[in-house]
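Working notes, beginning with the structure itself.
Scope of the values below: all heavy atoms of this structure, side chains included, with no hydrogens, waters or symmetry mates.
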Amino acid sequence: MRNDVPSAAAVVSRRPVALAHRSRAYTDMLILILCGAALSYALSNALLMPLLPRVEAALRIPAGSAVWIVTALALSAGLTTPVLARWGDGAGRKRALVFALAALAVGSLVCALATSFWPLVVGRVLQGCAGVGLPMYMRIMRDEMPEARRNFGLGLVQASNWLGAGVGGLVAGYVAIHTAGFSSVFWINFAVAATVLGAVLVVVPRSDDGRRVALDLPGALLLAAATASGLIALSEGSTWGWASAPTLVLLSVAVVGSACFVAVERTSASPIIDLKVLAIPAAWGPILTAGVGIVGYFGAGIGVATYIQLPLAVGGMAKNPLQAAVLLIPLDCAIFIAAPLVAYLAVRAIRPGYLMVAGPLLMALGTGGLLWENTSMVVIAVLMGVIGFGFGLTFAALTIEGTNGVPKEHVGSIIGVSIVVVNVLITLSGAVLSSCVSAHSVRLESVEVPTRAAFTSFWLFCLICSVVTAGLAATYVVASNRRLRHCPADHVTF
């Protein structure tokens with residue numbers, strides 16, 4: 001045993017003293033920089049979403065393939081976040097955050113210089129590596145701030161995510177109508193990421209506790225192989241044929257790879273994801289609700305933003321990217337309002353689990369409204385607000401339930417599993433949208449253009465997912481109430 005490595009007890013015992021001497025100016029600067037990091041990652045999706053039709057036309061991408069420009073980032077984040085978060089435990093939180101921002105800056109640069117489809121996808125994959133930022137912000141704040149400032153900082157970081165989503169779309173729309181092409185938005189993303197990276201290098205201190213954490217490389221490779229092969233098979237199966245050799249081979253790799261991943265993680269001394277958390281009944285509700293619930297948000301965001309820019313000839317609304325970005329504002333504003341409302345209600349003894357049921361029902365109501373009326377900008381804006389409010393209720397509530405409903409030593413694993421599930425479901429919903437677009441496209445001026453039917457089909461899928469989410473949440477609440485009646489000592493007061 002090395003004598004220079006401090007014990008966990010020693011680190012914990014010194015932390016309150018160290019945190020008490022942090023100046024207010026220092027913690028404010030640290031919060032500002034971490035908010036900037038969150039904002040820069042949020043921009044990576046928000047800046048692109050209103051511009052998908054322009055990217056598709058500029059690069060002459062087949063209508064069904066353009067969705068991969070969005071889902072490549074989600075797939076990358078889902079695969080790399082658990083691995084990089086585990087690496088950050090050993091190498092230090094600052095190093096992991098620097099790596100994330102560097103990957104975001106390089107990925108943005110690659111996208112800005114891309115002149116064809118695949119370089120753009122590669123750039124988006126690099127941007128997705130910045131998804132590890134979220135657990136790093138939480139850990140850095142825990143290490144560097146007293147509790148009062150930490151809670152304030154976490155709230156601002158969450159607000160920065162939605163601020164980036166709303167403002168980024170507006171910036172993208174404004175840039176799009178004043179410039180040709182799409183590279184300008186990636187130059188903006190590069191500039192923001194590079195600036196924040198420089199601030200992190202200068203201000204954020206090294207943040208590690210002297211522990212050595214081994215990286216489970218076999219588990220990481222198996223997770224990547226299983227997830228990637230399965231999603232490619234699901235997204236391309238309708239094109240290749242579900243009984244074709246490539247589809248069957250990829251599905252087999254996904255099944256075998258998943259089984260091998262579980263076997264490796266159960267015996268690993270330092271697993272990428274601690275699968276013991278899956279044996280905790282209280283963990284399943286938040287994880288599944290997060291995964292399935294994200295589909296409704298994805299359908300409202302990318303689905304509506306793309307649909308309203310379709311030409312009138314195919315049933316669209318012929319709006320420009322700026323108008324598409326404005327239409328996303330009610331979605332993000334409603335989330336921004338709903339999330340703190342859940343915390344307010346939770347303090348007043350209204351269990352967040354019940355809001356986990358109400359949120360998806362509101363999302364289903366909004367998505368059903370899109371199926372009923374999708375020709376009026378005012379009506380669509382209102383429906384986007386309904387979906388956003390439901391999404392905000394859902395995710396804020398499941399965050400509280402997932403944190404308070406399991407032992408604290410498993411909270412990190414809950415976050416890791418949830419991130420993987422959420423990003424996999426985003427990728428899967430992108431594959432469904434791609435299939436809908438491929439099945440409902442026409443050739444217009446030598447370019448394949450999706451029709452209105454493609455998006456109504458996708459919104460029907462999103463509606464079904466929202467109803468399923470409500471059912472999963474209700475099942476979780478009923479089961480947890482039953483456990484609380486039999487085990488009163490496990491009750492958590494909200």
Side-chain angles (χ1 to χ4, degrees), residues 1-2 5 8 71-93 95-100 102-103 107 121-122 124-136 139 208-235 246-280 283-284 287 291 406 409-428:
M1 175 74 70
R2 288 179 53 187
V5 177
T71 55
L73 183 144
L75 176 59
S76 173
L79 296 178
T80 60
T81 296
V83 178
L84 293 175
R86 192 64 176 168
W87 172 69
D89 284 340
R93 266 70 81 184
R95 289 183 182 178
L97 182 57
V98 166
F99 176 87
V121 171
V122 170
R124 296 290 286 170
V125 169
L126 288 173
Q127 287 184 317
C129 294
V132 73
L134 176 59
M136 292 303 105
R139 294 178 187 182
D208 60 70
D209 52 20
R211 293 182 300 126
R212 290 183 175 181
V213 178
L215 183 62
D216 181 15
L217 185 58
L221 294 176
L222 287 169
L223 176 64
T227 306
S229 58
L231 291 173
I232 292 173
L234 291 173
S235 62
T247 302
L248 294 177
V249 168
L250 286 173
L251 288 175
S252 300
V253 170
V255 172
V256 174
S258 298
C260 293
F261 173 74
V262 171
V264 168
E265 294 301 279
R266 291 182 64 182
T267 59
S268 174
S270 182
I272 296 295
I273 298 175
D274 187 358
L275 297 180
K276 293 177 183 177
V277 73
L278 300 182
I280 303 173
W284 279 101
I287 290 173
V406 299
E409 63 269 20
H410 292 298
V411 171
S413 294
I414 287 284
I415 295 173
V417 174
S418 296
I419 288 174
V420 172
V421 172
V422 164
N423 284 286
V424 166
L425 265 293
I426 290 175
T427 308
L428 178 59

Non-hydrogen atoms of Ala226 and Gly257 that approach each other most closely: CB-C, 3.7 Å
Are side-chain heavy atoms of Arg95 and Phe99 found at a separation under 4.5 Å? no
Examine distances only and state if a side-chain atom of Ser268 and a backbone atom of Val264 form a donor-acceptor pair shorter than 3.5 Å. no
Taking all heavy atoms of Ala77 and all of Gly131, pick out the closest pair and write down the distance. CB-CA, 4.5 Å
Exactly one of Val255, Leu222, Leu223 clears side chain to side chain contact (heavy atoms under 4.5 Å, CB included) with Cys260, and that residue is Leu222
Any idea which heavy atoms bring Cys129 and Thr80 closest together, and the distance? CA-OG1, 3.6 Å
Approximate separation, where rounding is to 0.5 Å, of Thr247 OG1 and Leu251 CG: 6.5 Å
Taking all heavy atoms of Ala72 and all of Arg124, pick out the closest pair and write down the distance. CB-CB, 4.1 Å
Closest approach of Val253 and Ala225, non-hydrogen atoms and distance? CG1-O, 4.3 Å
